[in-house]
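These notes are about the structure you will find just below.
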Amino acid sequence: MFSASTALLAFCVGIVGSIFGGTQTFIVTGFAGLFIYGLKAAGVDSPFLMGTLLNTVFLPAVIFNAASVSTAYASRKYDIEGWDINHSLLFTHDPMVSLIAGLGGLAGYLLFAFAQFIDLPADQGSFSVIVLGVITRLVFGKGYWVNPEATSYYKQEGVRYWLFQFVNSIGICGLAAIALAQVPEEFYSVGFSVSAALIILTGFDSQRRTYPTTHHETLVVGYALAATGGNILVAVLFGMLSNLIYLLFARYCNTDCGTHIDPPAVAIGICSLILFNLV
């Protein structure tokens, strides 16, 4: 919940987010989550670990949001795409970029705290990321809300592309569902941390090919297991639905659209809203 000290911490964390970049900080949140869940499994638990570290310092709604907002702002002044959150903004040497990042981290925290206050029946972190992403596009965007090339992209890729995504999603969601079904419900979200940490593999690819984004699938699988009492089939189906939403939103409403509105957050938000209210 809201406190002035946590708000100040969020502002400082936001500045750090712009220094390292959105994707890089998200990878760190993955490893931090694994570390904290590991301590929890060993019986070490405290408000500092879950409240301050996991839900403020390493909360994507704070540190990732900050990087997204500051990247959008920096794109208006420097040679960088506003939707491409893969880069550190240290090269700008611009105090305004850092200030905007701090404000982005603070805004992300306030939105998250608001979602907690009203007990929003959906993933509250994704709510913060989506809302701030929309606000960022309204403020710093260049008028592009839909990528006009998206449909032609999918036509060019053809049926083979969708079969490829379908098979891959079965593998990812099936693995996540079977593995998470073996652990206590309080650890169902650990798949999110595993997926976030695995993005680090991109840095070992000299040709810079794209590695899969899977945290929207693994987190929704965990949510579905919790909502259905461990039904693996339903969990897999919801994970696959999450991936479909992610793919469509990423191509139509994020890539080449001026600023970043996080596609995984949109997928998590929609699926969690369904699972928390209808299942």
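Quantities reported herein were computed from a predicted structural model and do not represent experimental measurements.
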Under 4.5 Å between side-chain heavy atoms, hopping through other hydrophobics if needed: is there a path connecting Leu8 to Tyr109?
-> no

Taking the side chain as every heavy atom from C-beta outward, state whether Ile199 and Thr23 have any atom pair closer than 4.5 Å.
-> yes

Answer with yes or no whether the side chains of Asn147 and Thr255 bring together a donor and an acceptor at under 3.5 Å.
-> no

Evaluate side-chain contact (heavy atoms from CB on, under 4.5 Å) for Ile261 paired with Trp145, printing each intermediate quantity in order.
-> CA-CA 10 Å; Ile261 300 177; Trp145 286 87; 4.1 Å; yes

Does one hydrophobic cluster hold both Leu90 and Ile15, with members joined at side-chain heavy-atom distances below 4.5 Å?
-> yes

Go through Asp84 and His87 one step at a time and tell me if the side-chain contact (heavy atoms from CB on, under 4.5 Å) criterion holds.
-> CA-CA 7 Å; Asp84 186 357; His87 307 287; 2.9 Å; yes

Compute whether any side-chain donor of one residue and acceptor of the other, for Asp123 and Ser126, lie under 3.5 angstrom apart.
-> yes

For Phe127 and Ala115, the nearest pair of non-hydrogen atoms, with its separation, is CD2-CB, 3.6 Å

Any side-chain heavy-atom pair from Thr151 and Lys155 closer than 4.5 angstrom?
-> yes

To the nearest 0.5 Å, tell me how far Tyr78 OH sits from Asp94 CG.
-> 3.5 Å

Spatial distance of atom OG1 (Thr71) from atom CD1 (Ile85) [nearest 0.5 Å] | 7.0 Å

For atom CZ of Phe91, is the number of surrounding heavy atoms from other residues, nucleotides or ligands below 6.0 Å larger than 12?
-> yes

Would you give the length of the straight line joining atom OH of Tyr188 to atom CG of Leu225, rounded to the nearest 0.5 angstrom?
-> 5.0 Å

Flag, side chain of Gln182 to backbone of Ile178, donor-acceptor distance under 3.5 Å = yes

CZ of Phe114: more than 12 outside heavy atoms within 6.0 angstrom?
-> no

Evaluate whether atom CZ of Phe20 has more than 12 neighbouring non-hydrogen atoms of other residues, nucleotides or ligands under 6.0 angstrom away.
-> no

Identify the heavy atoms of Gly104 and Leu132 that sit nearest to each other, and give their distance.
-> O-CD2, 3.5 Å

Indicate yes or no: at least one non-hydrogen side-chain atom of Leu59 is less than 4.5 angstrom from one of Phe112.
-> yes

Determine, stepwise, if the pair Phe276 / Tyr223 fulfils ring pair (Phe, Tyr, Trp, His ring centres under 6.0 Å).
-> CA-CA 8 Å; Phe276 291 5; Tyr223 283 156; 5.0 Å; yes

Between Pro148 and Tyr252, is any pair of side-chain heavy atoms under 4.5 Å apart?
-> no

Will you find, in the side chains of Ser18 and Ser70, an N or O donor that is under 3.5 Å from an N or O acceptor?
-> no

Considering all heavy atoms, the nearest Thr213-Pro264 contact = CG2-CG, 3.9 Å

Mark yes or no for whether Gln24, through its side chain, and Asn86, through its backbone, hold a donor-acceptor pair below 3.5 Å.
-> yes

Please name the pair of heavy atoms, one in Val236 and one in Ala177, separated by the smallest distance, quoted to 0.1 Å.
-> CG2-CB, 3.9 Å

Report, as yes or no, whether the 6.0 Å neighbourhood of atom CZ on Phe164 holds more than 12 heavy atoms from other residues, nucleotides or ligands.
-> no

Would you please indicate if the ring centroids of His260 and Phe64 are separated by under 6.0 Å?
-> yes

Straight-line distance of Gln165 CD to Trp162 CH2, nearest 0.5 Å | 7.0 Å

Determine whether Leu175 and Leu180 fall in the same hydrophobic cluster, where Ile, Leu, Val, Met, Phe, Trp and Tyr are linked whenever their side-chain heavy atoms lie under 4.5 Å apart.
-> no

Scan side-chain atoms only and decide if Thr218 and Ser195 contain a donor-acceptor pair under the 3.5 Å cut-off.
-> yes

Will you find, in the side chains of Ser169 and Glu217, an N or O donor that is under 3.5 Å from an N or O acceptor?
-> yes

Hey, is the main chain of Ala61 close enough, under 3.5 Å, to the side chain of Asn65 for a donor-acceptor pair?
-> yes

Kindly indicate whether the side chain of Ile19, heavy atoms from C-beta on, has any atom under 4.5 Å from the side chain of Leu89.
-> no

Ile172 CD1 to Asn243 CG distance, which is reported to the nearest 0.5 Å = 6.5 Å

Between Val129 and Leu273, is there a shared hydrophobic cluster once you connect ILVMFWY residues whose side-chain heavy atoms come closer than 4.5 Å?
-> no

Val190 and Leu34, any side-chain heavy atoms less than 4.5 Å apart = yes

Evaluate the criterion side-chain contact (heavy atoms from CB on, under 4.5 Å) for residue pair Met240 and Phe166; output intermediate values, then yes/no.
-> CA-CA 8 Å; Met240 294 176 69; Phe166 179 78; 3.2 Å; yes

Under 3.5 Å: donor-acceptor pair, side chain of Thr259, backbone of Trp83 | no

Going through the checks in order, is the ring pair (Phe, Tyr, Trp, His ring centres under 6.0 Å) test met by Phe26 and His215?
-> CA-CA 11 Å; Phe26 187 68; His215 57 279; 4.5 Å; yes

Using only heavy-atom distances, determine whether the side chains of Asp262 and Ser68 contain a donor-acceptor pair under 3.5 Å.
-> no

State, with a plain yes or no, whether a side-chain heavy atom of Val62 is found less than 4.5 Å away from one of Phe11.
-> no

Answer with yes or no whether the hydrophobic clustering places Val234 together with Leu278; edges join I, L, V, M, F, W, Y residues whose side-chain heavy atoms lie under 4.5 Å apart.
-> yes

If you take all heavy atoms of Gly269 and Ala122, which pair is closest and at what distance?
-> O-CB, 4.3 Å

Short side-chain to backbone donor-acceptor contact, Ser242 and Phe238, under 3.5 Å = no

Write down the atom of Ala66, the atom of Gly105, and the distance for their closest heavy-atom approach.
-> CB-N, 3.6 Å

CA sep, side-chain torsions, deciding dist, call: Glu149, Arg251, salt bridge (charged side-chain N to carboxylate O under 4.0 Å, His left out) = CA-CA 9 Å; Glu149 303 298 325; Arg251 182 60 57 179; over 6 Å; no

Output for pair (Leu237 CG, Cys271 SG), nearest 0.5 Å, gives 11.0 Å

Stepwise, does the side-chain contact (heavy atoms from CB on, under 4.5 Å) test hold for Tyr73 with Thr92?
-> CA-CA 11 Å; Tyr73 170 77; Thr92 65; over 6 Å; no

